[in-house]
Amino acid sequence: MLHFVDSVQEAVVGIKDGSTVMIGGFGNAGQPFELIDALLECGAKDLTVVNNNAGQGDQGLALLIKEGRVRKMICSFPRQSDSWHFDAKYKAGEIELELVPQGNLAERIRAAGAGIGGFFTPTGYGTMLAEGKETRIIDGRGQVFETPIHADVALIKALKADGKGNLVYRKTARNFGPIMAAAAKHTIAQVTEIVPVGGLDPENVVTPGIYVNTIVTVAGSGQSSSTAGKVA
Amino acid sequence: MLHFVDSVQEAVVGIKDGSTVMIGGFGNAGQPFELIDALLECGAKDLTVVNNNAGQGDQGLALLIKEGRVRKMICSFPRQSDSWHFDAKYKAGEIELELVPQGNLAERIRAAGAGIGGFFTPTGYGTMLAEGKETRIIDGRGQVFETPIHADVALIKALKADGKGNLVYRKTARNFGPIMAAAAKHTIAQVTEIVPVGGLDPENVVTPGIYVNTIVTVAGSGQSSSTAGKVA
Amino acid sequence: MARDIAPGSFVNLGIGQPTLVSNYLTEEQNITLHTENGMLGMGPEAKGGEIDEDLINAGKIPVTELPGASYFHHADSFAIMRGGHLDICVLGAFQVSATGDLANWHTGAPGAIPAVGGAMDLATGAKDVFVMMTLLTREGASKIVESCTYPITGVGCVTRVYTDKGVFLTGPDGVTVRETFGCTLEELQELIPVPLKAAAAVGLQDQGAP
Amino acid sequence: MARDIAPGSFVNLGIGQPTLVSNYLTEEQNITLHTENGMLGMGPEAKGGEIDEDLINAGKIPVTELPGASYFHHADSFAIMRGGHLDICVLGAFQVSATGDLANWHTGAPGAIPAVGGAMDLATGAKDVFVMMTLLTREGASKIVESCTYPITGVGCVTRVYTDKGVFLTGPDGVTVRETFGCTLEELQELIPVPLKAAAAVGLQDQGAP
């Protein structure tokens, strides 16, 4: 069932300790900052977080890590010039890291949403990141067996939702939103604007409403509201 | 490289005997009838054809089968009230059939385009269609190993192309077009209209031009030109 | 059956008989229909000037689009089914076994040309698989069986069977009778070659998802 | 290197140095740039009022959109890379082996936090992998090696190496020198610990795709 809620606090209220939480975004584009802040506020801990990175600077996911709420990160690129909170926890042995090539991360998330039990890919074959994994040669190429990444909750950001929960995104802020929405049991989307049913062209819907459970409007929440009109 | 050609005959000229040819469409929606007619005309034979069905009535794929050009069909639903040409060839032992559950067909085509070496799926587990296939239990569910379906050529129909080969489709005529375009070495698209570069909204492109090699305009070729204006 | 579908559900109605269920859905139920050829928000069959050859259902019948619809390609459409996102699919059947095996795609007769379409994906992927069928064949044999004699579509996938004589729940624990139409449990037991249990009087509506 | 990219190619330029290649591409070449965070038709870096936080490249730098661009989600974007649809990707490297193994993601130093991003997908997926690097480390060691001592990114994936001292083809047959910059083949051979072959004078442009 789809719910429209009035605040980000209300949106995250069901997230439990020990949950696996997917968080959309690549860099700042598509990061649901307000939902992450609400998650921090609600106090859920022992989280496994799936994101491309492991937090930047002193905001969002970085704070969640700093506060010790994240037991494990599944990501492709934790190390950045401003990933100091992750770096500190990692060096102190206080956070677990599952490092996944970015395309395997995307494909494993997609597999979870699509009901695929696992797949073989050439990416990572012969490297450290395939150590301990099943491999086989298919059509002459070495391939690694990768498994789906399911989640309890996804926090994503989109540009607009309609009354059926259909979503459209904006430019490269689309990134992980559509596949995380499909991979999580419960998807929470923050959007800049909610339009009536019929307000999105059915040809242009990116995430069908079947993948969305909770929607909250965050006024001017990135997906640059100033230029959003160009996209509609 | 992308080529715009003037006729469907010119579009199919490189298709060789023995090729694997994917043909888009589900029912009449999205069937590239004019390209199929041109394929019939060009005389290529010993074809393996991938389509959801095995031809209907006395047109398109059904004629290709009738004329003995198709050595093997890979499809999910060959038997229809008007699939008499396939039925006759099949009963005479003159055509090979690989029957694939429709979702496995779609996912195997998608896997080819996405560089996946194979995947496990619960669909078909424990049935006749999994006989002889590798299986394993994953998370308590029986699953079957399925392999990608690659093709030499895809013949698809879209609504519009821009000068970069980006495509948009119309309603349920989208069906197999996007995944076949990605799975084939050479994709030939018939479109109702070609618009200049910049004439499609980048947010709404369904098939990026990287997947398209040859484009031909077929005036009023389905994708109901009468109502097409509504979609733009 | 239509009234057993929870408000807000996403539902796929199989080709043929199951399609008729849509006539009994009310607007208040706010059900969204999926068609596996690439659409959510499918409306009723198209009539006259509404007919558009690019807008058809899985049975290749022209349909209409409701506000809030969306279109997607075949792999995305089957990902919805296979990923467990549909609440219910409704299918016809030749046979259903006591533990919910479904046979509905192939008679297995020699010379028959097999065709499967999306039946196996629906059977395996939907959260609940409802079957709609007459209880008996034309020859009077029960279609609820100990184990299917026709080639199966999916293992242990059916959760409810709606027939002309009663409604049955199937699953790991065998067959439970939820409702009878003009006959007693004992009369049903004479027709059906597997042990039937009577549903408890309360909580019946909650037993759909085993 | 820019002039070695065939007209109409689809290209991904890795983070850092390789990004600079875009400054040397001409309009006539009609090259389409891919960025793995979800776009084809990427334009130059955004300046001033063009900057849009929703439009960035894989290095998280604001970029622009060219006419004919398209956006897609991460799985679709990596399907383009992994499915073998990119003609060329250009990457930096710590080391390249004689047979084209690439090491560019991890120093393997104790305590270093590993980060891989899309490097393995690009290395494995593109039709041609071009490496751009100085031939020697700061300590004067050759980065073209018999076999990589750093953890590898991909096996046998590099087809060409562009350095300050020469251009090399790598593959199953070892290293071929295609071009030298201000030095002789013999001088290069003194720097590089694997046997070098001289390219035949003709047909060099065709040797990129083994």
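Since the model is a prediction, treat every value here as computed from it, not as a measurement. Here is the naming used below: chain letters follow the sequence lines, and residue numbers restart at 1 for every chain.
Counting only distance, with no hydrogens or angles, the side chain of B/Thr172 and the backbone of C/Asn37 share no donor-acceptor pair below 3.5 Å. Between the side chain of C/Asp121 and the backbone N or O of B/Gly103, at least one donor-acceptor pair lies under 3.5 Å.
For the atom pair CZ of B/Phe77 and CH2 of C/Trp105, the computed distance is 10.5 Å after rounding to the nearest 0.5 Å. The structure places OH of B/Tyr125 at 14.0 Å from SG of C/Cys157, a figure rounded to the nearest 0.5 Å.
C/His74 and B/Phe26 have tilted rings, their planes meeting at an angle from 30° to 60° on a 0 to 90° scale.
With a 4.5 angstrom heavy-atom cutoff, C/Asn57 touches chain B only via backbone atoms. With a 4.5 angstrom heavy-atom cutoff, C/Ser70 does not touch chain B via any of its atoms. With a 4.5 angstrom heavy-atom cutoff, B/Arg110 touches chain C only via side-chain atoms. With a threshold of 4.5 angstrom between heavy atoms, C/Phe78 approaches chain B through side-chain atoms but not through N, CA, C or O. Heavy atoms closer than 4.5 Å to chain C are found nowhere in B/Arg108, neither backbone nor side chain.
Within a 6.0 Å sphere centred on NZ of C/Lys60, heavy atoms belonging to other residues, nucleotides or ligands number more than 12. More than 12 heavy-atom neighbours from other residues, nucleotides or ligands sit within 6.0 angstrom of CD on C/Glu179.
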inquiry  = Does C/Ile113 form a side chain to side chain contact (heavy atoms under 4.5 Å, CB included) with B/Phe86? I'd like the steps, not just the answer.
reply    = CA-CA 10 Å; C/Ile113 298 175; B/Phe86 174 82; 3.9 Å; yes
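Using a 4.5 Å heavy-atom threshold, the side chains of C/Arg82 and B/Thr123 count as touching. Side-chain contact between B/Lys171 and C/Met39 is absent, with no heavy atoms from C-beta onward closer than 4.5 Å.
Interface summary for chain B: among C/Ile152, C/Asp101, C/Val63, the most heavy-atom pairs under 4.5 angstrom belong to C/Ile152. Top candidate by heavy-atom pairs under 4.5 Å with chain C, chosen from B/Asp87, B/Val206, B/Leu129, B/Thr121, is B/Leu129. For the options C/Pro114, C/Gly118, C/Ala75, C/Gly38, heavy-atom pairs under 4.5 Å to chain B are most numerous at C/Pro114. Top candidate by heavy-atom pairs under 4.5 Å with chain B, chosen from C/Ala58, C/Gly125, C/Gly108, is C/Ala58.
Residues of residues 93-100 of chain B lying under 4.5 angstrom from chain C, judged on non-hydrogen atoms, are B/Leu97, B/Leu99, B/Val100 in numerical order. Annotation: residues 48-63 of chain B contacts chain C through B/Asn53, B/Gln56 [non-hydrogen atoms, separation under 4.5 Å]. Residues of residues 178-189 of chain B lying within less than 4.5 angstrom of chain C, judged on heavy atoms, are B/Pro178, B/Ile179 in numerical order.
Contact between C/Met120 and B/Thr127 at its shortest, heavy atoms only, is CE-OG1, 3.5 Å. Of all non-hydrogen atoms in B/Pro122 and C/Thr124, the two that sit nearest each other are CB-CG2, 3.3 Å.
Partners of C/Glu36 under the salt bridge (Lys or Arg N to Asp or Glu O under 4.0 Å) rule, at least two apart in sequence or in another chain, do not exist in this structure.
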